[in-house]
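First the proteins, then the strands, lettered A, B, ... as listed; each starts at 1.
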Amino acid sequence: ELKVEQNPLFLSMQEGKNYTIYCNYSTTSDRLYWYRQDPGKSLESLFVLLSNGAVKQEGRLMASLDTKARLSTLHITAAVHDLSATYFCAASYSGAGSYQLTFGKGTKLSVIP
Amino acid sequence: GAVVSQHPSWVICKSGTSVKIECRSLDFQATTMFWYRQFPKQSLMLMATSNEGSKATYEQGVEKDKFLINHASLTLSTLTVTSAHPEDSSFYICSARGNPHRRAAYEQYFGPGTRLTVT
């Protein structure tokens, strides 16, 4: 059974600082996803990581994947208030045929001016 | 492209009544649709996976007789919460996956969610 753990679950950071959210998964996964969720809203897709060593960047967010360590990271550079949201990672394994996603518990990020 | 809609966006119903939530893929054919439930301050929990034209596969602990899922076409799946109770109050989110032969087959596209409140 695929399990996904995120940490930290809560993150309060000052504007301008850098920080990393970690996502570990328990068994073989061939895709790792990062999503953002604002309060009362659905999920917004940020990144899909498909292979070992994959790195993707969009603005102040950068995601990476290490399949050997079963670890993905979401790095936040020079945080701004607009980044305040809950971030979820999710993993899937296509071998099951259904592409089901298993989500982490989410990291609630608060960026303080 | 790859837009998924849900209707209604919010609904309030009385205990004991049934509520139907629609999930539509607007610009692509969704061979598989997923239904999730999210309680406040919690993560998304997969309820069921539905493939067009076949019965839905429910996750352990999800009552199939209470949460009826119909995936009648490649663009529409419905979730009916039967005999709703206050504990069914939650945020219900659907997602859709496209044709597995297309490049973005692994992508799931999420609907905007439906907030259900049962009084």
Undergrad: For Leu46(B), is it the side chain, the backbone, both or neither that has a heavy atom under 4.5 Å from a heavy atom of chain A?
TA: side chain
Undergrad: With a 4.5 Å cut-off on side-chain heavy-atom distances among I, L, V, M, F, W and Y, is there a chain of contacts connecting Leu46(A) to Leu83(A)?
TA: yes
Undergrad: Is the shortest heavy-atom distance from the side chain of Cys89(A) to the side chain of Val4(A) under 4.5 Å?
TA: yes
Undergrad: Can you check whether Ile69(B) reaches Thr49(B) side chain to side chain, under 4.5 Å on heavy atoms?
TA: no
Undergrad: Pick one of side chain, backbone, both or neither for Gln38(B), based on which atoms fall under 4.5 Å of a heavy atom in chain A.
TA: side chain
Undergrad: Is it the side chain or the backbone of Gln6(A) that comes within 4.5 Å of chain B heavy atoms, both, or neither?
TA: neither
Undergrad: Counting heavy-atom pairs under 4.5 Å with chain A, which one of Ile93(B), Thr57(B), Leu44(B) comes out on top?
TA: Leu44(B)
Undergrad: Below 4.0 angstrom, N of the basic side chain to O of the carboxylate: do Arg24(B) and Glu22(B) qualify?
TA: yes
